[in-house]
Amino acid sequence: FTPLSTLTMPATRRGGSQRSGELHILSLNCWGVPVNTKERVRRMELIGRRLADSPYDVVGLQEVWKRADFDTIRSLTERTYPHAQLFSSGIIGSGLAVLSRHPIVDSLFHRFRVNGKPQRIFHADWYGGKGVGCARIATPLGLVNFYTTHLHAEYVKVRSDDEYYAHRIAQSFEAVQFVRSTATDHGGLAIFAGDMNLEPRDLGVRMFTTVGGLTDAWLEAGENPEGGFTCDVPSNAFSKNPSFAGKRIDYVFRSPGLRCTGVEVALTERPADAPHLSFSDHFGVAALLVLENGTETGQMDAARADGGGGGGGGSVQSPEVVAVLRESAEALQLGTVEIERRRSSHLNSAKALLLLWVATWLVTCVSVVLMHSAHDTYAAMVRDHPSSLSTNLMTVVMDRRARYFAAIAQPLLLAVGLYHLAQGMFVTADELSGHTMTASVVVMQSQASQALFASSSAAQTRSRRE
């Protein structure tokens with residue numbers, strides 16, 4: 001980021017009045033998967049037209065994978081949102097974008113260390129290079145860091161079978177760390193919005209609200225904690241389960257210094273000229289944020305100074321922070337054990353398949369030699385000892401079908417063996433490295449938080465005794 005001290009605010013934003021007003025925020029997953037997505041091109045046009053006539057100040061978009069889709073939305077919304085940022089990452093892009101009525105003075109993207117599995121081609125998260133995008137925006141409230149993300153997707157109906165659970169925990173921790181390290185100066189105002197693929201009680205969400213010190217706008221506005229469903233909602237045209245009420249996995253979080261005065265599930269209507277469509281398979285979530293009265297705007301920096309959560313609401317001395325960090329460390333360590341198990345399995349499979357490939361290669365070579373030099377010997381063995389073991393072995397070796405089988409099996413064994421070797425030596429090794437690194441940082445923070453909490457508790461006890 002450009003140092004904030006070097007940035008010049010517009011003249012109309014200077015003085016005490018620059019922090020008056022409000023910000024209307026929208027987060028929307030656009031369902032822009034390039035393949036197997038219903039009427040994607042048409043829906044991107046509908047989204048653009050809808051946003052062009054919307055009241056929002058800042059919009060965070062997810063799953064805008066194709067540049068052409070972003071250009072479509074951008075061309076339709078440019079008059080309403082003259083400032084925009086598309087975050088590029090990975091092979092197909094991060095899918096993240098920000099539209100803003102107010103100037104974007106700087107931007108930054110952090111790619112997650114733990115980011116899916118390349119061998120899961122139809123689980124394409126790895127190819128998108130997922131991460132957190134940040135746009136620093138000069139708003140009527142002052143400089144605000146607006147973050148948007150899209151954590152790793154779920155691909156199972158039974159959550160206990162979710163192989164990416166530890167990935168989302170690691171990504172949540174990285175996102176919190178990213179906010180803590182970048183939301184600085186000018187009160188540290190931050191807004192975090194996106195598709196978390198996490199439900200409100202999940203560990204990853206608790207990471208944001210404790211360690212990150214951020215506040216869930218939906219709960220702050222006093223809405224039904226069991227409501228706010230944005231995904232798999234029966235009224236959505238793309239809902240596959242009309243008997244399922246839906247789930248809340250899209251969020252707007254705010255830092256200290258801001259306050260949410262209203263929140264809603266947005267873009268729930270059907271376009272008038274396409275009533276058979278919804279804008280996306282997700283509904284959006286919108287929040288109205290204002291400056292908090294009092295001195296809370298400085299709490300984020302104070303919390304960061306003592307090692308606490310980036311939002312200031314999750315003090316490092318809080319037992320909730322200690323509990324979340326400890327639970328996260330355990331989840332990541334279990335994820336590390338599972339990766340090590342898969343790595344060992346891949347290497348063992350590679351060893352067995354490559355040894356079998358060598359064996360079939362040797363059989364082929366011996367067969368070719370025998371076919372050219374042992375015809376008379378083989379004929380004599382069949383005549384004199386038709387049922388002996390050596391005769392049967394020679395029959396198998398010299399059988400053309402065996403050679404044909406070996407010729408077909410060799411490249412298959414080699415290809416599959418090399419695949420498992422690559423998985424064991426490179427892919428799972430990279431995944432293991434990311435998990436191990438993140439887990440070690442979480443463990444260190446957990447131990448530090450626990451020590452500080454114990455020290456703080458002891459100090460309070462001594463104070464009460466005195």
Side-chain angles (χ1 to χ4, degrees), residues 1-27 55-61 80-87 96-110 131-149 175-194 208 212-215 217 220 251-261 286-305 308-313:
F1 275 172
T2 304
L4 289 176
S5 58
T6 68
L7 296 174
T8 302
M9 297 291 290
T12 56
R13 302 299 186 199
R14 293 186 180 277
S17 63
Q18 74 170 4
R19 303 185 74 90
S20 63
E22 58 190 22
L23 280 181
H24 206 173
I25 305 299
L26 172 72
S27 176
Y56 309 112
D57 293 292
V58 183
V59 178
L61 301 176
T80 306
Y81 301 102
H83 311 282
Q85 177 67 49
L86 176 68
F87 297 97
L96 303 177
V98 174
L99 308 177
S100 176
R101 293 180 185 268
H102 311 292
I104 297 175
V105 298
D106 212 343
S107 63
L108 184 65
F109 183 82
H110 170 75
V132 186
C134 176
R136 182 164 289 174
I137 304 173
T139 76
L141 309 185
L143 285 171
V144 173
N145 276 12
F146 180 84
Y147 302 86
T148 186
T149 194
V176 165
Q177 294 291 86
F178 183 61
V179 173
R180 290 174 58 186
S181 64
T182 55
T184 58
D185 299 334
H186 293 270
L189 298 178
I191 300 168
F192 198 106
F208 280 86
L214 302 174
T215 299
E220 183 181 23
Y251 297 83
V252 174
F253 295 99
R254 61 87 178 168
S255 72
L258 296 170
R259 178 169 54 88
C260 179
T261 60
L288 191 63
L289 303 175
V290 299
L291 279 177
E292 180 67 81
N293 294 327
T295 59
E296 193 180 358
T297 56
Q299 288 184 1
M300 177 176 280
D301 293 331
R304 187 180 299 102

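All values derive from a computational prediction rather than experimental measurement.
- In terms of the salt bridge (Lys or Arg N to Asp or Glu O under 4.0 Å) criterion, residue partners of R259 (sequence neighbours excluded) are, by chain and number, E292.
- For H83, there are no side-chain hydrogen bond (donor to acceptor under 3.5 Å, both in side chains) partners two or more places apart in sequence or in a different chain.
- Looking at heavy atoms from C-beta onward, I191 lies in side-chain contact with L23 at the 4.5 angstrom threshold.
- F146 CZ to I104 CD1: the interatomic distance, rounded to the nearest 0.5 Å, is 9.5 Å.
- Taking CG from L214 and CZ from R254, the interatomic distance works out to 9.0 Å, rounded to the nearest 0.5 Å.
- Nearest heavy atoms, L96 versus G133: CD1-N, 3.9 Å.
- Looking at Y81, its side chain does come within 3.5 Å of a backbone N or O of Y56 through a donor-acceptor pair.
- The distance from atom CG of L189 to atom CD1 of I137, rounded to the nearest 0.5 Å, is 12.0 Å.
- Annotation: the span from D57 atom CG to H24 atom NE2 amounts to 8.0 Å, rounded to 0.5 Å.
- Applying the side chain to side chain contact (heavy atoms under 4.5 Å, CB included) test to A175 and every residue at least two apart in sequence or in another chain returns F112, V132, F192, F208.
- Note: R101 CZ to T139 OG1 = 13.5 Å, rounded to the nearest 0.5 Å.
- Partners of T148 by side-chain hydrogen bond (donor to acceptor under 3.5 Å, both in side chains), not counting sequence neighbours, listed by chain and number: Q62.
- Between atom CD of residue Q85 and atom OG of residue S107 there is a gap of 3.5 Å, rounded to the nearest 0.5 Å.
- Considering every non-hydrogen atom in both F87 and A135, the closest pair reads CZ-N, 4.4 Å.
- Counting only distance, with no hydrogens or angles, the side chain of T149 and the backbone of G131 share a donor-acceptor pair below 3.5 Å.
- Closest non-hydrogen pair, S255 versus G188, comes out as OG-O, 3.5 Å.
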Decide yes or no on side-chain contact (heavy atoms from CB on, under 4.5 Å) for L99 and L26, but give the supporting numbers first.
-> CA-CA 10 Å; L99 308 177; L26 172 72; over 6 Å; no
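- Minimum heavy-atom separation, Y147 to A183: OH-N, 3.3 Å.
- Every residue meeting the ring-ring contact (aromatic ring centres under 6.0 Å, His included) condition with Y251, not counting sequence neighbours, appears here in chain and number order: F253.
- Taking both residues in full, the closest heavy atoms of A193 and V252 are given as CB-CG2, 4.1 Å, listed atom of the first, atom of the second, then distance.
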Step by step, would you call L258 with L141 a side-chain contact (heavy atoms from CB on, under 4.5 Å)?
-> CA-CA 9 Å; L258 296 170; L141 309 185; 3.7 Å; yes
Can you list the steps and then say if H110 with Q177 is a side-chain contact (heavy atoms from CB on, under 4.5 Å)?
-> CA-CA 10 Å; H110 170 75; Q177 294 291 86; over 6 Å; no
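- Not one N or O on the side chain of R180 forms a donor-acceptor pair closer than 3.5 Å with the backbone of G212.
- Summarising the geometry of L291 relative to G257, their closest heavy-atom pair is CD2-O, 3.4 Å, with the distance given to 0.1 Å.
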